[in-house]
Amino acid sequence: MAKAQDLIFLSTQLRPIDEAQKVRDVILKGAPKTSYVVDEPSPFTVRMKAEVEANKHTISLVGALHGELQPLLPMGALEPIDDVAASLKDRGIPAGLMDLGKLGTGKQMYIPWMQATYVMVVNKKALPFLPAGADVNALTYQQLAEWGKTMNEKTGQRRLGFPAGPKGLFARFLQGNLYPSYTASMVTEFRSAEAETMWNDFKAVWAQSNPNSTSYDFMQEPLMAGEVLVAWDHIARVKDALQQAPNDYLVVAPPAGPKGRSYMPVIAGLAIAKGAPDRKGAAELIMHLTKPETQLITASEVGFFPVVNATLPANLSPGVKLLAEGVAKTQTAKDAVVALLPVGLGDKGGEFNKVYVDTFQRIVLRNEPVRATLDAQADVMRSIMAATKAPCWAPDKASEGACPVK
Amino acid sequence: MTQRATGSFKGWLYGSGVMLLCVWVLLPIGLIGLGAFGGRPAVYQWPKTLMPASLSLDQLAVFF
Amino acid sequence: MPTSRWLPYLLIAPASVFLAVFFAVPLVQTIVLSFDGGTAGFFGNYQRMLGDLNFNVSLRNTFMLVLTVVPLQMMLAIGMGLMLQKMQRGRDVVLWIWTIPLGVSDLAAGLVWLAILQNTGYLNTFLFHLGVIDGPTAWLNSETPVTLFIAVAVAEIWRSTAVVLVIIVAGLQLIPKEFGEAAEIFGASPWQKLTRVTLPMLKPSLQSALILRTVLAFEVFAAVYAIGGRNIPVLVGEAYVWQRDNQNYSVAAAYAVLIMVISLAATAVYLRLLREKPEARA
Amino acid sequence: MAAITIEGVSKRFGAAMALEQLDLNVADGEFVALLGPSGCGKTTLLRIIAGLETRSSGRVLIGDRDVSDLPPAERGLAMVFQNYAVFPHLTVFENVAFGLRMQKRDEATIRRQVNRAADLLQIGPYLDRYPAKLSGGQRQRVAVARALAVEPAVLLMDEPLSNLDALLRLEMRAELKSVLKEAGTTTLYVTHDQTEAMGLADRIAVMHKGVIEQIDTPTRIYSKPSSTFVGGFVGSPPMNFLKLEAKNGVLACEGFSMPLAHDGPVLLGFRGEDVRLVDASQGLAFAVRVVEPMGSHLLLTGQVGGERIRVVAAPQAEIASGMTLGLQLDAARVVVMDTQTGKAL
């Protein structure tokens, strides 16, 4: 457990017990003496705020997603780290990513740590049921629905799966994959005619999804159990299934809609807390974590990919290799559209997610009329945007002031 | 004589009621207790066996 | 005698301060928070709560759970208590076994029943061997609300009947056996003895048990969450989601206040309905 | 109204015998008290008759009916408990009516019988009250009224007065006697209080260690106890016993002699009030140790030979401790017991 003199590294990522253990035992090997502490996003924010308000600092380094670090800036919990950024110049972190770490200020607020995205995992047993003419690497949502239907007819069970349980990341699917693929937008076109088509298409997909989907948190479990043959999830949440039986699976890009094949990159960053008890140690730890060797170890241990210029070695474990290929396929698809994680929502991030999940519940689970539901939920969305004054982010076009909902 | 006969029938009824309620309380705990040694595969093992197919103490490692 | 006059107040002071600091203050804070509407006005959070798509469902589920679970477990506990009273041998062992669930946390109880009732659980295995089903069958998702509800009710009954049992056993022990014997001598059947003598005399215990269980049942959450996730929303679960996932503490506080009001109302109803006749009080 | 017949009833609790081959007859309309120290089995016997306890062997008859295996309700009896067992959640009226309601009697009958029982026990004014508002004595009356309201063939009472204070007990005792005489119910009454038993009962059965030592009228129980136990248990002060030697068909001591067809050591029993106190030169030498003025009499405790003796003297007698007096016994008022068995010869 945490010893007083150790540097404290608080993270919202790599939380599950075995992942945290890998961080402690493998990834942090050779780094300054560190206690690795994890917390869920909302208590994380509360804790950071409390330390600032009490002016009593225990945490030196924080690791969190871009969207989780951003709210820490206005509360003055982050220390500018241009000096650390300068000493990292040779690591080859893409300038675009480094710029994200400035959080819209002139100074470096965090250093990119690792990245991931959301993919589809396909059990090879599902391949025979693919619709005629469909390419598993370039599916559309209609084809996915058709595929699910055939699997249901042939196996007697609904074999598509989504992590729509209490801890699942289903909201990210709706925001980052489904909406932009149909509307080229996440917020502005929320209640557009394209969105209406989208929901109707997705109803057909859901009709072929396993009814337990509303209980799934991590898709690796139903995949390993064979309950689900085709699943969408964050790469870190399917890794166990792939490593356990790499020969059974393919990892492919999520389906495409009329406006392209949208995907959502996930960036986690490392920041130093203002008033950190051990700023020097924290900087050293950043240096350690962004070393190409450490980044490769991170990739193979926990399934998050490097932000630095590090070629994945050929002897990568087959499961991680599958993931790497899946990520590459997703990012390089010729119809790829990038949808960023929401920015600027502060503590309204939860309610923003709720808009999508509620809309899904009403339209798909409770079969409420699509048009009326979209109109009602668009009002909620508008009030969130008005309250946070968050400007649009990709793929929505940049806006002056709060991102509008048409 | 008749009273004694109905008495023993009643006693039997009571006894089995008590036993049934004991099973109702203990069975779930027993099952989860055995399941705890099955490790992760036991959760999705189908069909379940009383003793998990692969015994392991991995889950207990969480406590240390 | 100023010291003896003040002594009782002095003695309850630590407890009062404790209650004030750790109970009353957070309570007031919660109530204040629930009216802290920001832009939406004084009742803004309550409007959001009432307008939420899960509100009606969670209210209905919570009430249905209370109305199913509490009467069933009262009956079960009374039956168990009477059985214990009849027993001559092994009474202590049986009482000990029957109160084991007292030591099981509600989340753990939920997980226990999840292991039994899930797709690949023990129940399905049993049914499979009987030939009733031919593979893992789902009982606990949003498309099987009835079995899901039954599963949650069963887990709750399993977990929390012991509390009622303990209260009832204590109450039964307070009734001298002569009352039952008098009823027997004057010709009461076992059923009449139960309804005309035992239950009326057990009323104070029944009242405590009912209030305790009902209030706790309105706060049902962890077992529901473990078994049904968010497929079966309940009031406390919604408060949890608003607090933790939606990060809107004010709406969560509104839920908390609503739950408290419902619990207080239920207590008042019981106290009124089960009040002893004034003349009967010694 | 019916007689109670008990034939060879035994009760075993594990290895211990609580009742041993007990026989008892209570005639129709008779009032019999079961008297004995605690643990003598009197309450067990009563509960076996009531059907609240199972017997190990023997039969219980009420009237001509063998009720041994019947449940309590079918035995045609009523019972009054030591703690009254008056239902606290029912009014006095409903308490008294309880047995009648269980018998599904019509409302008019119930009203009539309740009122009659209530009048008998003078609880008419309290019929609408709840027991919690009544005094112990009033609750006792309710319990008796409840028992009498069903007009039982047999009434069983288990120490019904022992929870009352002394004055109230005296009052209730007299009242019970007249009420039960009027009702004419066969009554079996358990008590450890000899004055209660003497005052109320037509006959007293003295129980000791699971057997009935003696059953007789109160007067004979008092004056002619059949054993040292009965003599010692009944009466205050208890009977005195002197160890004497009988020789040649005569039992004699200083100032006393009677014929006795028994040779060897015997116990001579006499009541403290049955002796004449005379000058120390006559009769048995009695060394007075303690003098207790009791108001109606003086209680003298002293020694004759090596044995402790209690006798009663007139209240105005001038006797002080340390004096030696003479005791004269009346051959008509003594009992002679076997030293081995303790039974009367």
Side-chain angles (χ1 to χ4, degrees), chain C residues 74 78 81-82 84-92 167-168 170-211 270-282, chain D residues 13-14 43 46-47 49-53 70-92 94-105 126 128-135 139 142-143 146-150 152 154-156 158-160 163:
Chain C
M74 287 301 292
I78 290 172
L82 293 174
L84 281 174
Q85 235 191 350
K86 278 263 158 77
M87 287 181 71
Q88 279 127 26
R89 275 173 302 122
R91 186 175 176 280
D92 291 347
I167 297 175
I168 283 178
L172 282 173
Q173 278 168 348
L174 287 179
I175 304 176
K177 67 176 192 320
E178 282 85 355
F179 286 98
E181 292 177 350
E184 242 178 88
I185 287 204
F186 289 108
S189 66
W191 178 249
Q192 284 173 319
K193 197 166 109 181
L194 178 68
T195 55
R196 307 266 185 115
V197 178
T198 311
L199 290 184
M201 295 195 68
L202 201 55
K203 214 156 80 173
S205 304
L206 293 177
Q207 180 174 307
S208 321
L210 265 177
I211 290 174
Y270 282 136
L271 286 177
R272 214 182 151 68
L273 286 183
L274 290 173
R275 187 173 49 181
E276 284 187 69
K277 296 182 190 99
E279 309 102 304
R281 253 180 256 145
Chain D
F13 289 112
T43 296
L46 195 77
R47 290 172 59 82
I49 298 170
L52 296 172
E53 196 92 64
L70 295 180
E74 290 170 32
R75 297 188 176 199
L77 46 79
M79 187 160 169
V80 177
F81 293 85
Q82 182 172 6
N83 65 358
Y84 322 138
V86 170
F87 302 123
H89 58 286
L90 299 178
T91 60
V92 169
E94 285 305 321
N95 261 291
V96 176
F98 189 85
L100 300 166
R101 291 225 188 276
M102 293 301 120
Q103 292 171 4
K104 299 206 176 5
R105 306 285 273 274
Y126 317 129
D128 292 333
R129 295 202 192 167
Y130 282 88
K133 292 278 190 232
L134 301 181
S135 69
R139 273 184 243 185
V142 175
R146 177 175 64 184
L148 292 181
V150 294
V154 162
L155 177 61
L156 305 176
D158 186 8
E159 311 233 12
N163 283 5

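The model shown is predicted, which means the values in this text are computed figures rather than measured ones.
For chain C, the nearby part of D:V86 is the backbone; its heavy atoms alone come within less than 4.5 Å. For C:K177, the part sitting under 4.5 Å from any heavy atom of chain D is the side chain, from C-beta outward, and nothing else. Proximity to chain C (any heavy atom under 4.5 Å) is shown, for D:L90, by neither the backbone nor the side chain. Proximity to chain C involves both the backbone and the side chain of D:R146, based on heavy atoms less than 4.5 angstrom apart.
Listed by sequence position, C:F179, C:E181, C:A182, C:A183, C:E184, C:I185, C:F186, C:G187 are the residues of residues 179-187 of chain C in contact with chain D, using a 4.5 angstrom heavy-atom cutoff.
Checked against side chain to side chain contact (heavy atoms under 4.5 Å, CB included), D:N83 has the following partners two or more places apart in sequence or in another chain: C:P176, C:E178, D:F81, D:A85, D:N163. By the side chain to side chain contact (heavy atoms under 4.5 Å, CB included) test, D:E74 is found to be paired with D:L70, D:P71, residues two or more places apart in sequence or in another chain being considered. In this structure C:Q173 satisfies the side chain to side chain contact (heavy atoms under 4.5 Å, CB included) test together with C:R91, C:V169, sequence neighbours excluded.
With rounding to the nearest 0.5 Å, the separation of CD in C:Q192 from CE in D:M102 is 4.5 Å.
Of the listed residues (D:G99, D:A143, D:A50, D:P131), the greatest number of heavy-atom pairs within a distance under 4.5 Å of chain C belongs to D:G99.
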